[in-house]
Amino acid sequence: MSTNVLRTTGGTSRSSGAESGGGWWVVRDERAIRVETKAVTTGELLADRDAVREAAASAESGTPVADLVALPPVTTPCRVVAQMVNYRSHAKDSGFTGDIPPTFFRKASGSVSGPHDAIIRPAHVKFLDYEVELGLVMGATLPVGTVVEEQDLPRYVAGLVLTNDVSARDVQLTKTQFYESKSYPTFTPTGPYLTLLEPEDFAHLLNLRLQLSVNGVSRQDRTLADMIVRPAQALTLLARFQTLDPGDLLLTGTPGGTALKAPPKLAEKIGALLPPALRWKAFFKGQAKNPKYLRNGDLITATIATPDRRIDLGEQRTPVADAS
């Protein structure tokens, strides 16, 4: 069975007033057991799995999870790589037809934030979007040239995290710039848990259900069965040119339901006749009428879990705020 690990700040317990201290904790139901480790980074924790197992097997009553303040369980700096258009439903929403070439892009690890931290919209960003994504956390070095088969996944992937690939669409589309549009601080909420997997857990990955709502209204809801390039193949393709190390993070794409959708075919054909500046002006004039883009005061709730909760990555609750 999988093990959920929480990373926390130091502080005073809300209920008892005791100092809880920062560090790593194994979560069991509503209680957390401290992991006795010197690990500071995610990579160091993954090298000390015995300490995690000892905490998971402990008979201690632990600390209430509600008393702890969660940090992102993926420490930075690290490599953050993401897959583009990797769910069939998202491809349909984006106007793609036929085969889609597998594509990767990088995000700045400075964009990684906590699972309950506010997402800050920069003043110049008008079209802020959400993308719930499953993150793979590497547990071993993946050298360039590695071929990863399904049975090899436990060798390279230590665990999973819930992420949100927040995107400034007006930057992304007008500049064709993924790195900037997805790398602002707080644009990769991560956690709450680092869900460490046992080899037998990998057979259940396709049952994982990704869900995201805004202000209680469902926006995204799909399982990994909708995924186009699955983890083993994705790692093989990425390893053609990129090394990954323990603690690095691969975001595996988002399902359909984002605020951004391709324009109708007729509008697309008319727009193609316009000069680029006018085309984008017309496109975003239409997008301004779309109420699904994120606004100040919105609350995003996201989860990823299997139906039987064998694998449960926890819940993110992230408010949206305008930059002050």
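Residues take their numbers from the sequence shown, with the count starting at 1. All of these numbers come straight from a predicted model, not from anything done at the bench. FYI, side chains are in, hydrogens and waters are out, and symmetry mates aren't considered; it's all heavy atoms of this structure.
Contact annotation: the side chain of I33 approaches that of R28 to within less than 4.5 Å [non-hydrogen atoms, C-beta and beyond]. Between T223 and N207, the closest side-chain pair of non-hydrogen atoms is not below 4.5 Å. Here the side chains of L68 and T63 are in contact, with some heavy-atom distance below 4.5 Å. L235 places a side-chain heavy atom less than 4.5 Å from the side chain of L244. Between V81 and L238 there is a side-chain heavy-atom pair separated by less than 4.5 Å. At least one side-chain heavy atom of V157 sits under 4.5 Å from a side-chain heavy atom of F202. Using a 4.5 Å heavy-atom cutoff, the side chains of P73 and V5 are not in contact. V80 places a side-chain heavy atom less than 4.5 Å from the side chain of L251.
A donor-acceptor pair under 3.5 Å links the side-chain atoms of S58 to the main chain of E60, judged by distance alone. At distances below 3.5 Å, not a single donor-acceptor pair connects side-chain atoms of T8 with backbone N or O atoms of G22. With hydrogens and angles ignored, the 3.5 Å screen pairs a side-chain donor or acceptor of D201 with a backbone N or O of E198. Between the side chain of T163 and the backbone N or O of E133 there is at least one donor-acceptor pair closer than 3.5 Å. A donor-acceptor pair under 3.5 Å is formed between the side chain of T258 and the backbone N or O of L260. Judged by distance alone, with hydrogens and angles left aside, the side-chain atoms of R49 form no donor-acceptor pair with the main-chain N or O of L46 at under 3.5 Å. Side chain of D298 to backbone of R295: a donor-acceptor contact under 3.5 angstrom is found. No donor-acceptor pair closer than 3.5 Å links the side chain of D93 to the backbone N or O of G256. Side chain of S109 to main chain of P77: no donor-acceptor pair is present (N/O by atom type, distance under 3.5 Å, no hydrogens or angles). Between the T236 side chain and the V147 main chain, no donor and acceptor come within less than 3.5 Å of each other.
The two residues V132 and N164 have their closest heavy-atom pair at N-OD1, 4.1 Å. Summarising the geometry of R106 relative to Q242, their closest heavy-atom pair is NH1-OE1, 3.3 Å, with the distance given to 0.1 Å. Annotation for T318 and P189: closest pair CG2-CB, 4.1 Å, computed over non-hydrogen atoms. Shortest non-hydrogen contact noted between N86 and G253 is CB-CA, 4.1 Å. When all heavy atoms of G247 and V137 are compared, the pair lying nearest together is CA-CG1, 4.3 Å. Closest non-hydrogen pair, P72 versus G114, comes out as CD-CA, 3.6 Å.
No hydrogens or angles considered: a donor-acceptor pair under 3.5 Å links the side chains of T254 and Q220. Using a 3.5 Å distance cut-off with no hydrogens or angles, the side chains of K182 and S167 do pair a donor with an acceptor. Side-chain atoms of Q233 and R230 form no donor-acceptor pair, as typed in the model, at a separation below 3.5 Å. Side-chain contact of R219 with Y130: a donor-acceptor pair under 3.5 Å is present, judged by distance alone. With 3.5 Å as the limit, one finds a donor-acceptor pair spanning the side chains of D226 and S89. For the residue pair S111/T188, the side-chain donor-acceptor check at 3.5 Å is satisfied.
The pair K107-D165 meets the salt-bridge criterion, with a side-chain N (NZ, NE, NH1 or NH2) lying under 4.0 Å from an Asp/Glu carboxylate O. Note on D152 versus R155: salt bridge recorded, some NZ/NE/NH1/NH2 to OD/OE distance being below 4.0 Å. A salt bridge links R169 to E131: at least one charged side-chain nitrogen sits closer than 4.0 Å to a carboxylate oxygen.
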Report the C-alpha separation of V166 and T186 in whole Å, then their side-chain angles, then the decisive distance to 0.1 Å, and conclude whether the side chain to side chain contact (heavy atoms under 4.5 Å, CB included) test is met. CA-CA 8 Å; V166 180; T186 72; over 6 Å; no
Please determine whether side-chain hydrogen bond (donor to acceptor under 3.5 Å, both in side chains) holds for the pair Q83 and T103, giving the CA-CA distance in whole Å, both sets of side-chain angles, and the decisive distance to 0.1 Å. CA-CA 6 Å; Q83 291 176 258; T103 304; over 6 Å; no
Working for side chain to side chain contact (heavy atoms under 4.5 Å, CB included), residues N4 and V26: CA-CA 6 Å; N4 282 343; V26 167; over 6 Å; no
Please evaluate residues F283 and L173 with respect to the criterion side chain to side chain contact (heavy atoms under 4.5 Å, CB included), reporting the C-alpha separation (whole Å), side-chain torsions for both, the decisive distance (0.1 Å), and the verdict. CA-CA 10 Å; F283 176 78; L173 297 177; 3.6 Å; yes
Please step through side chain to side chain contact (heavy atoms under 4.5 Å, CB included) for the pair T190 and L162, ending with a clear verdict. CA-CA 6 Å; T190 303; L162 166 60; over 6 Å; no
W24 and T37: CA distance, side-chain angles, deciding distance, side-chain hydrogen bond (donor to acceptor under 3.5 Å, both in side chains) verdict: CA-CA 8 Å; W24 302 92; T37 180; over 6 Å; no
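Other residues, nucleotides and ligands contribute more than 12 heavy atoms inside 6.0 Å of the CD atom of E180. Within 6.0 Å of atom CD in Q151, more than 12 heavy atoms from other residues, nucleotides or ligands are found, so the atom counts as buried in its surroundings. For CG of D29, the number of neighbouring non-hydrogen atoms (other residues, nucleotides, ligands) closer than 6.0 Å is 12 at most.
Atoms CG and SG, from L249 and C78 in turn, are 6.0 Å apart once rounded to the nearest 0.5 Å. Interatomic distance, CE of M84 versus CZ of F104, reported as 11.0 Å (0.5 Å rounding). In this structure, the separation between OG on S324 and CD1 on I120 is 7.5 Å, given to the nearest 0.5 Å. Residue L212 holds its CG atom at 10.0 Å from CG of D221, rounded to the nearest 0.5 Å. Atoms OG1 and CG, on T141 and D245 in that order, are 4.0 Å from each other to the nearest 0.5 Å. With values rounded to the nearest 0.5 angstrom, R7 atom CZ is found 4.5 Å from L71 atom CG.
Hydrophobic clustering (side-chain heavy atoms under 4.5 Å, transitive across Ile, Leu, Val, Met, Phe, Trp, Tyr) groups M227 together with L250. In the hydrophobic clustering of this structure, V217 does not group with I119; members are Ile, Leu, Val, Met, Phe, Trp, Tyr whose side-chain heavy atoms approach within less than 4.5 Å, directly or through other members. Under the 4.5 Å side-chain heavy-atom criterion for grouping Ile, Leu, Val, Met, Phe, Trp and Tyr, L206 is not connected to V161 through any hydrophobic cluster. If you chain together hydrophobic residues whose side chains sit under 4.5 Å apart, I311 and L210 fall into the same group. Hydrophobic cluster membership differs between V112 and L134, with clusters built from Ile, Leu, Val, Met, Phe, Trp and Tyr side chains linked at under 4.5 angstrom.
Taking the centre of each ring, F284 and F127 come in below the 6.0 Å mark.
Residue pairs that meet the side-chain hydrogen bond (donor to acceptor under 3.5 Å, both in side chains) test with at least one member in residues 115-125, sequence neighbours left out, are R121-D322, H124-Y184.
A side-chain contact (heavy atoms from CB on, under 4.5 Å) with T303 holds for exactly one of E315, Q316, R209; it is E315.
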